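Presented below is the structure to which this report refers.
Remember, predicted model here, so these are calculated numbers, not experimental data.
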Amino acid sequence: MVKTVHTNKDGRLSSPLLTENEMKKGECELLFYIDDYFRETHLSLAQPPFLNKIPVRFNINDSTQHYHVPLLLSPFGYQIYRGR
């Protein structure tokens with residue numbers, strides 16, 4: 001594990017996850033704890049929730065590039081992509 005962070009009230013990070021010096025070429029995994037996020041927003045979920053954690057694996061091929069990895073989600077589905 002490299003780092004643990006929490007999103008702000010808008011569900012975003014207030015600063016980049018990794019600094020330029022922390023970016024390394026190779027495979028990465030982000031693990032989103034979405035049940036915690038929905039609980040903090042006071043959304044009532046079934047117990048256990050349909051989705052509780054979302055792992056996202058991707059490769060950093062060039063550590064000098066910007067990697068924006070947005071997660072669009074609902075309690076029942078999600079979409080992930082590389083943004084710019």
Side-chain angles (χ1 to χ4, degrees):
M1 181 181 301
V2 174
K3 192 176 284 190
T4 299
V5 296
H6 297 271
T7 57
N8 60 28
K9 68 178 183 165
D10 294 327
R12 299 172 183 266
L13 296 180
S14 299
S15 61
L17 178 63
L18 299 176
T19 66
E20 187 175 314
N21 292 337
E22 294 171 320
M23 289 284 287
K24 305 285 185 224
K25 188 175 180 178
E27 185 176 86
C28 295
E29 180 178 85
L30 298 174
L31 183 57
F32 294 91
Y33 288 83
I34 64 166
D35 57 338
D36 292 344
Y37 171 75
F38 283 128
R39 194 172 15 265
E40 288 175 12
T41 61
H42 304 290
L43 183 66
S44 183
L45 298 175
Q47 291 302 319
F50 179 68
L51 296 170
N52 62 352
K53 296 178 193 83
I54 299 173
V56 177
R57 289 190 182 146
F58 61 97
N59 290 298
I60 294 177
N61 297 315
D62 182 349
S63 62
T64 64
Q65 288 188 7
H66 177 78
Y67 287 80
H68 180 65
V69 185
L71 173 69
L72 307 175
L73 71 127
S74 82
F76 307 106
Y78 63 94
Q79 180 178 9
I80 190 95
Y81 61 96
R82 181 177 176 193
R84 291 285 171 182

Only distances under 3.5 Å count here; give the side-chain donor-acceptor pairs of residues 69-79 to other protein atoms, sequence neighbours excluded, each with its distance to 0.1 Å.
residue : atom : partner : partner atom : Å
S74     : OG   : F76     : N            : 3.1
S74     : OG   : G77     : N            : 3.3

[X]: partners by side-chain contact (heavy atoms from CB on, under 4.5 Å), with sequence neighbours left out:
{"X": "T19", "value": "N21, E22"}
{"X": "K53", "value": "L31, Y33"}
{"X": "S15", "value": "none"}

Does atom NE2 (H68) have a neighbourhood of more than 12 heavy atoms from anything else shown, all under 6.0 Å?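 Enclosed: over 12 neighbouring heavy atoms sit under 6.0 Å from NE2 of H68.
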
Are there over 12 heavy-atom neighbours, none belonging to E20, within less than 6.0 Å of that residue's CD?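 Atom CD in E20 is not packed in, count stays at 12 or less.
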
Assess R82 against F58: is NZ or CZ under 6.0 Å from the centre of the six-membered ring, and within 45 degrees of the ring's axis? no

Hey, quick one: are I34 and V5 part of the same hydrophobic cluster, counting side-chain heavy atoms closer than 4.5 Å, chains of contacts allowed?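 Same cluster.
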
Any side-chain heavy atom of [X] within less than 4.5 Å of one from [Y]?
{"X": "D62", "Y": "K25", "result": "no"}
{"X": "E29", "Y": "P55", "result": "yes"}
{"X": "H66", "Y": "R84", "result": "no"}

Pairs in or reaching into residues 5-14: which pass salt bridge (Lys or Arg N to Asp or Glu O under 4.0 Å), with residues at least two apart or in two chains?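 Listed by first then second residue: nothing to list.
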
To the nearest 0.5 Å, what is the distance between [atom1] on [X] and [atom2] on [Y]?
{"X": "I60", "Y": "M23", "atom1": "CD1", "atom2": "CE", "result": "4.0 Å"}
{"X": "N52", "Y": "R39", "atom1": "CG", "atom2": "CZ", "result": "9.5 Å"}
{"X": "L13", "Y": "T7", "atom1": "CG", "atom2": "OG1", "result": "7.0 Å"}

Give the C-alpha distance, both sets of side-chain angles, the deciding distance and a yes or no for side-chain contact (heavy atoms from CB on, under 4.5 Å) between I54 and L30. CA-CA 8 Å; I54 299 173; L30 298 174; over 6 Å; no

Residues N59 and Y67: closest non-hydrogen pair is O-CE2, 3.8 Å

If I compare all heavy atoms of F38 with all of L45, which pair ends up nearest, and what's the gap?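 Residues F38 and L45, closest heavy atoms: CB-CD1, 3.7 Å.
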
Going by the rule side-chain hydrogen bond (donor to acceptor under 3.5 Å, both in side chains), which residues pair with T4 if we only count those two or more places apart in sequence or in a different chain? none

